[in-house]
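What's counted below: heavy atoms across the whole structure, side chains too, no hydrogens, waters or symmetry copies. From a predicted model like this one, the values you see are computed outputs, not experimental measurements.
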Amino acid sequence: MVSRRPYRSDLSDARWALIEPTLTAWRAARQGPGVAARVHDLREIVNAILYVCRTGIAWEYLPHDFPPYKTVYDYYAKWEADGTTQRLHDLLREQVRLSKGRKPVPSAAIIDAQSVKTSGNVGESSQGIDAGKKIKGRKRHIATDTLGLVLAVLVTAASVQDSAGGREILNAIAVEHPTVSTTWVDGGYNNAVIRHGAGRGISVQVVKRLAGSGFQVLPRRWVVERTLGWLMQHRRLVRDYETLPQRSRSMIHWAMANIMSRTLTGESTQTWRIKRPKADTPLNI
C-alpha cells in the first residue's frame, strides 16, 4: 500500500500482485550507468500512468504526490519501446482467458476501426481526415478475441482506409497469434482484405448489417464494439493526445491492462456517472 491518500485509479494490492513480477523482472535485468540508483517505487509509476490514462490529464499536471512527471513518462516510454507494456498486457489477457475457461491462445478474432480527433501536439504527418466520419485525427485499428480482449492494435492517420488497416492487422494476427483461423469484420472491409486473410491462412467473414435503420446489435461484431466502449471509459483515449502513434498504442494497452486486472480480481471498472440523489432525498446546498 502507498503512504499517501489513494486515488480511485490506484492499483489494489491484488492487482499489483498481478503486475509486479513482470516489472520487477524488467528492473532486475537492466544494466548500465545510473541503473543502480533506483529511487522510485514501480507501483507508484504504474499508479501515475493509470491516473493519466483514466483522467486524461497532461503528464505535466500529475499531482505532486506521484513521482515527477518526466520520470513517469520516461518509464512509460521505455516500457513501450522495449515491449514490456505489451508483454504485461498479453500476460494479463492469457490469465483472463484461463479464468473464463478458455485456452490461453485464441482461435478467432473480430476486427474494427475507430477514428478519434487529435490534440494540437500531434503532427500533421501522423493524422488525416476520415471522409466517412468527418473526423480529422487518427484511426485505431484493433482486433479482439471473442471475449473482447485486444489481440492487436495499429494506430494510423484517420485517412487510412479500413481495408488497408485491416490487412496490416491480419499480418499482426498471423505473426503474433498463429492459432487464429477465423476473423469477423463489417462491410467496410472489402474483398482485398478477404483475399489477404486467405493468403495468411485466416478466413475473413463479413457480418452484414440487417435490413432496417437505427442501432443494431450484430452477431460477433458487438464484442469489438463493446471493447471500444471500454476504451472510452479512459479519458486519455477519448481524444488522441500522444505525439507518437506507438505511444498512443501503448496507452490502449494500459487501458486494457487496467480492465483485465480488475476482471481478474473481481473489481469493477469505475464509470464517470455521478450518483444522483433520489427525488425524495433533500439536497445539502
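Using a 4.5 Å cut-off on side-chain heavy atoms (C-beta onward), Ile49 and Trp79 make contact. In this structure the side chain of Ile202 never reaches within 4.5 angstrom of the side chain of Thr182, judged on heavy atoms. Two residues are said to be in side-chain contact when any heavy atoms from C-beta on lie closer than 4.5 Å; Tyr51 and Pro63 meet this criterion. Side-chain contact between Lys117 and Lys136 is absent, with no heavy-atom pair separated by less than 4.5 Å. Here the side chains of Asp112 and Arg221 are in contact, with some heavy-atom distance below 4.5 Å. Residues Leu154 and Arg249 fail the side-chain proximity criterion, which asks for heavy atoms closer than 4.5 Å. In this structure, the side chains of Trp254 and Val46 come closer than 4.5 Å at one or more pairs of heavy atoms. A heavy-atom distance below 4.5 Å is not found between the side chains of Val116 and Val238.
Scanning for salt bridge (Lys or Arg N to Asp or Glu O under 4.0 Å) contacts around Asp65 gives an empty result, with sequence neighbours left out. For Glu94, the salt bridge (Lys or Arg N to Asp or Glu O under 4.0 Å) criterion is met by no residue, not counting sequence neighbours. Arg102 meets the side chain to side chain donor-acceptor pair (under 3.5 Å) test with Thr146; sequence neighbours excluded.
Although no hydrogens or angles enter the test, the distance criterion places no donor-acceptor pair under 3.5 Å between the side chain of Thr24 and the main chain of Pro21. Between the side chain of Gln127 and the main chain of Val122, a donor-acceptor pair closer than 3.5 Å is present. When atom types are taken as modelled, the side chain of Arg54 and the backbone of Gln233 share a donor-acceptor pair closer than 3.5 angstrom. Thr71 places no side-chain N or O within 3.5 Å of a backbone atom of Pro67 that could act as its donor or acceptor partner. The closest donor-acceptor contact from the side chain of Thr227 to the backbone of Gly148 lies under 3.5 Å. Side-chain atoms of Arg226 come within 3.5 Å of backbone atoms of Leu147 as a donor-acceptor pair (strictly under, hydrogens ignored). Side chain of Asp145 to backbone of Leu149: a donor-acceptor contact under 3.5 angstrom is found.
Scanning all heavy atoms of the two residues, the minimum distance from Gly128 to Ala158 falls at O-CB, 3.5 Å. Thr265 approaches Ala14 most closely through the heavy-atom pair CG2-CB, 3.7 Å. Closest non-hydrogen pair, Asn258 versus Ser261, comes out as O-OG, 3.1 Å. Heavy atoms only, all atoms of each residue included: Leu98 and Pro104 are closest at CD2-CD, 3.8 Å. Of all non-hydrogen atoms in Gly197 and Val204, the two that sit nearest each other are CA-CG2, 3.9 Å. A pairwise comparison of heavy atoms in Leu151 and Pro106 identifies CD2-CG, 3.8 Å as the closest pair.
Residues Val105 and Ile111 do not share a hydrophobic cluster, defined by chaining ILVMFWY side chains whose heavy atoms lie under 4.5 Å apart. Under a hydrophobic clustering in which Ile, Leu, Val, Met, Phe, Trp and Tyr are joined whenever their side-chain heavy atoms come within less than 4.5 Å, directly or via other members, Met251 and Ile259 fall into the same cluster. Hydrophobic clustering of Ile, Leu, Val, Met, Phe, Trp and Tyr side chains at less than 4.5 Å, counting indirect connections, unites Val153 with Met260. Linking Ile, Leu, Val, Met, Phe, Trp and Tyr residues whenever their side-chain heavy atoms come within less than 4.5 Å places Leu231 and Ile57 in a single cluster. Using a 4.5 Å cut-off between side-chain heavy atoms of Ile, Leu, Val, Met, Phe, Trp and Tyr, with links allowed through other members, Leu88 and Tyr73 fall into the same hydrophobic cluster.
Ion pair Asp74/Lys70 not flagged as a salt bridge, since none of the NZ, NE, NH1 or NH2 atoms sits closer than 4.0 Å to an Asp/Glu carboxylate oxygen. Checked for salt-bridge contact, Arg220 and Asp186 miss the test: no charged N lies under 4.0 Å from a carboxylate O.
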With side chain to side chain contact (heavy atoms under 4.5 Å, CB included) as the criterion, how do Ser250 and Tyr76 come out once you've worked through the C-alpha distance, each side chain's angles and the decisive distance to 0.1 Å?
CA-CA 8 Å; Ser250 185; Tyr76 176 79; 3.7 Å; yes
Apply side chain to side chain contact (heavy atoms under 4.5 Å, CB included) to Gln114 and Ile142, showing your working.
CA-CA 8 Å; Gln114 177 192 52; Ile142 70 169; over 6 Å; no
Output, in order, the C-alpha distance, side-chain angles, deciding distance and verdict of side chain to side chain contact (heavy atoms under 4.5 Å, CB included) for Glu242 and Leu244.
CA-CA 6 Å; Glu242 315 307 323; Leu244 302 175; 5.9 Å; no
Worked check of salt bridge (charged side-chain N to carboxylate O under 4.0 Å, His left out) between Arg4 and Glu44
CA-CA 10 Å; Arg4 58 172 172 76; Glu44 278 293 79; 2.8 Å; yes
Verdict with reasoning, Arg93 to Asp90, per salt bridge (charged side-chain N to carboxylate O under 4.0 Å, His left out):
CA-CA 5 Å; Arg93 184 187 63 234; Asp90 293 352; 3.0 Å; yes
Between Leu62 and Val52, is a side chain to side chain contact (heavy atoms under 4.5 Å, CB included) present by the stated rule, with each step listed?
CA-CA 7 Å; Leu62 268 174; Val52 170; 3.8 Å; yes
Glu80 vs Arg247, test: salt bridge (charged side-chain N to carboxylate O under 4.0 Å, His left out). Steps then yes/no.
CA-CA 7 Å; Glu80 177 273 315; Arg247 301 285 156 76; 2.8 Å; yes
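Ring centroids of Tyr69 and Trp59 are separated by 6.0 Å or more, keeping the two rings apart.
Distance check, rounded to the nearest 0.5 Å: SG of Cys53 to CG of Leu237 gives 5.0 Å. A distance of 9.0 Å separates CG of Asp240 from CZ of Arg236, quoted to the nearest 0.5 Å. In this structure, Ile45 CD1 and Leu50 CG are separated by 11.5 Å, a value rounded to the nearest 0.5 Å. Expressed to the nearest 0.5 Å, how far OH of Tyr189 lies from CH2 of Trp184 amounts to 15.0 Å. In this structure, NE2 on His177 lies 12.5 Å from OG on Ser107, to the nearest 0.5 angstrom. To the nearest 0.5 angstrom, Leu23 atom CG is 8.5 Å from Thr85 atom OG1.
Residue pairs meeting the ring-ring contact (aromatic ring centres under 6.0 Å, His included) criterion with at least one partner in residues 80-127, sequence neighbours excluded, are His89-His253. Residue pairs meeting the ring-ring contact (aromatic ring centres under 6.0 Å, His included) criterion with at least one member in residues 95-144: none, sequence neighbours excluded.
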Name every donor-acceptor pair, under 3.5 Å, that has one atom in a side chain of residues 161-174 and the other anywhere in the protein, sequence neighbours excluded.
{"from": "Asp162", "atom 1": "OD1", "to": "Lys139", "atom 2": "NZ", "distance (Å)": "2.9"}
{"from": "Asn171", "atom 1": "OD1", "to": "His196", "atom 2": "NE2", "distance (Å)": "2.7"}
{"from": "Asn171", "atom 1": "OD1", "to": "Arg200", "atom 2": "NH1", "distance (Å)": "2.8"}
{"from": "Asn171", "atom 1": "ND2", "to": "Arg167", "atom 2": "O", "distance (Å)": "3.4"}

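Side chain to side chain, Ser12 and Arg15 fail the donor-acceptor criterion of an N or O pair below 3.5 Å. Neither side chain, Arg138 nor Thr156, offers a donor N or O lying under 3.5 Å from an acceptor on the other. Checking Trp16 against Asn47 by side-chain atom types alone, no donor-acceptor pair falls below 3.5 Å.
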